[in-house]
Structure formats: C-alpha cells, structure tokens
Amino acid sequence: MQFCKKTKIVAILMAVVMLSMSLASCAGGNKMTVTVGIKLGEDYIDYLYALNEDNEEYILPEEERTMLNDVSVEINYEEGEEISALRAFIEACANYDISYELDSTETSVKSVSSYAGVSVTDSENADNNVTYFWSYTINGVEPTSGRAATNYVSDGDAIVFTLTSAAASDYEEENY
C-alpha cells in the first residue's frame, strides 16, 4: 500500500509540473522573427543630400544609403493575430531608433527621418514632376494590392521598404 501511495504522489507532482510548464510557455504569448530592411531606391539617390560638418550639401555616400540592412526583428503577438508588414516596419524602427510618419489613414509609410542627420520624405519635386514614396516587398515580391497595414507576414519572412519614385509620365497611357 505504501508503494501505491508514493506512486500516486509522484504522478500528481509530475502532472502539476507538466501543467505548470505548459502554462508558462503560453503566458509569454507567441513570437515571430522577420527580417526588415529600409533603403533608398536607385531613382532617389541622386536627389538625397546631407550636410557635412561645414554645413555644405553633399550626395549621400553609398554606405549610408541603406538605413536598416536586413535586421532580425522579434515580434510578440497573441494567438490568432495577424502581423502586417507595417507592424514589422514599426517594430524595426522602434528597435533602431528611426523616426517615421504614417499616412493619414495609418496604413502605409509616409516618411522616414532622423537617420544619420538626413531627412528622407515622400515629397514631390515640382521641377521634374516626380513623386517619391515608400514601396515594400515581402520575400522579394511587391504585393499586387493593399497597403502595408493590410498585407501580412509570417515567421521568417523578409520585408524591405524602399524609397522609390515615379514621374507623372509613368502613369500616363501612351498615345498611338
């Protein structure tokens, strides 16, 4: 009888330990890791200037054209919650102290600034009718629809936000 009593106690203790371990793993929520990059597109580079110590403008050197070079970002989320490309961007900016501004609907990136003393915005250049904007890819593919807040990522995905440009002529149909 003594043996059975000890066996029951051990079995109950093991069940309590296993239950505690499973509850502890759930308490922390879920985590996903994505890779995030923020860079300047080739079309924009000729227009991006910074100021040197003498307060003179110079074209931003190539090594400074990538603001965030494919860094791993860990994101905590609740069971069933979807993580958007925009949330990954926001988490990366928070981790690396990069300030940004969202558009009025808070569904996409409007501007990124305060990086290496350079202000990078989505401004329009009236002289050559070019609009600058932040595009993004998920695993190298630009989404065909939706904004950064409405396209979702999975664990291990790579998101790259790129400052790019388009002239008004890029949107006009050719006349034949």
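Keep in mind that what you see is a predicted model, and the values were worked out from it rather than measured.
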Just verifying a value: how many Å separate Arg87 CZ and Tyr152 OH, rounded to the nearest 0.5 Å? 11.5 Å
Quick one: list whatever passes side chain to side chain contact (heavy atoms under 4.5 Å, CB included) with [X], sequence neighbours left out.
{"X": "Ala94", "result": "none"}
{"X": "Ala92", "result": "Val36, Leu68, Val73"}
{"X": "Glu74", "result": "Lys31, Thr33"}

If you define the side chain from C-beta out and look only at heavy atoms, does anything of [X] sit under 4.5 Å from [Y]?
{"X": "Leu102", "Y": "Ile90", "answer": "yes"}
{"X": "Ile38", "Y": "Cys93", "answer": "yes"}
{"X": "Ile159", "Y": "Val153", "answer": "yes"}
{"X": "Glu91", "Y": "Val34", "answer": "no"}

Between Asn139 (side chain only) and Ala158 (backbone N and O only), is there a donor and an acceptor less than 3.5 Å apart? yes
Taking Ser145's backbone N and O only, do any of them form a donor-acceptor pair with Asn151's side chain (distance below 3.5 Å, no angle check)? yes
Is it the case that the ring center of Tyr136 lies less than 6.0 angstrom away from the ring center of Phe89? no
If you take all heavy atoms of [X] and [Y], which pair is closest and at what distance?
{"X": "Thr107", "Y": "Asp103", "result": "N-OD1, 2.9 Å"}
{"X": "Ile75", "Y": "Ala88", "result": "CD1-CA, 3.8 Å"}
{"X": "Ser154", "Y": "Asp157", "result": "N-OD2, 2.7 Å"}
{"X": "Ser84", "Y": "Ala149", "result": "CB-O, 3.5 Å"}

Linking I/L/V/M/F/W/Y whenever their side-chain heavy atoms sit closer than 4.5 Å, directly or via other members, would Val160 and Ile83 fall into one cluster? no
Hydrophobic cluster membership, with links at side-chain heavy-atom distances under 4.5 Å among I/L/V/M/F/W/Y: are Ile98 and Tyr100 in one? yes
Assess the residue pair Arg147 and Leu86 against the criterion (side-chain contact (heavy atoms from CB on, under 4.5 Å)); give the C-alpha distance rounded to whole Å, side-chain angles, the decisive distance to 0.1 Å, and a yes or no. CA-CA 8 Å; Arg147 299 207 170 211; Leu86 185 62; over 6 Å; no
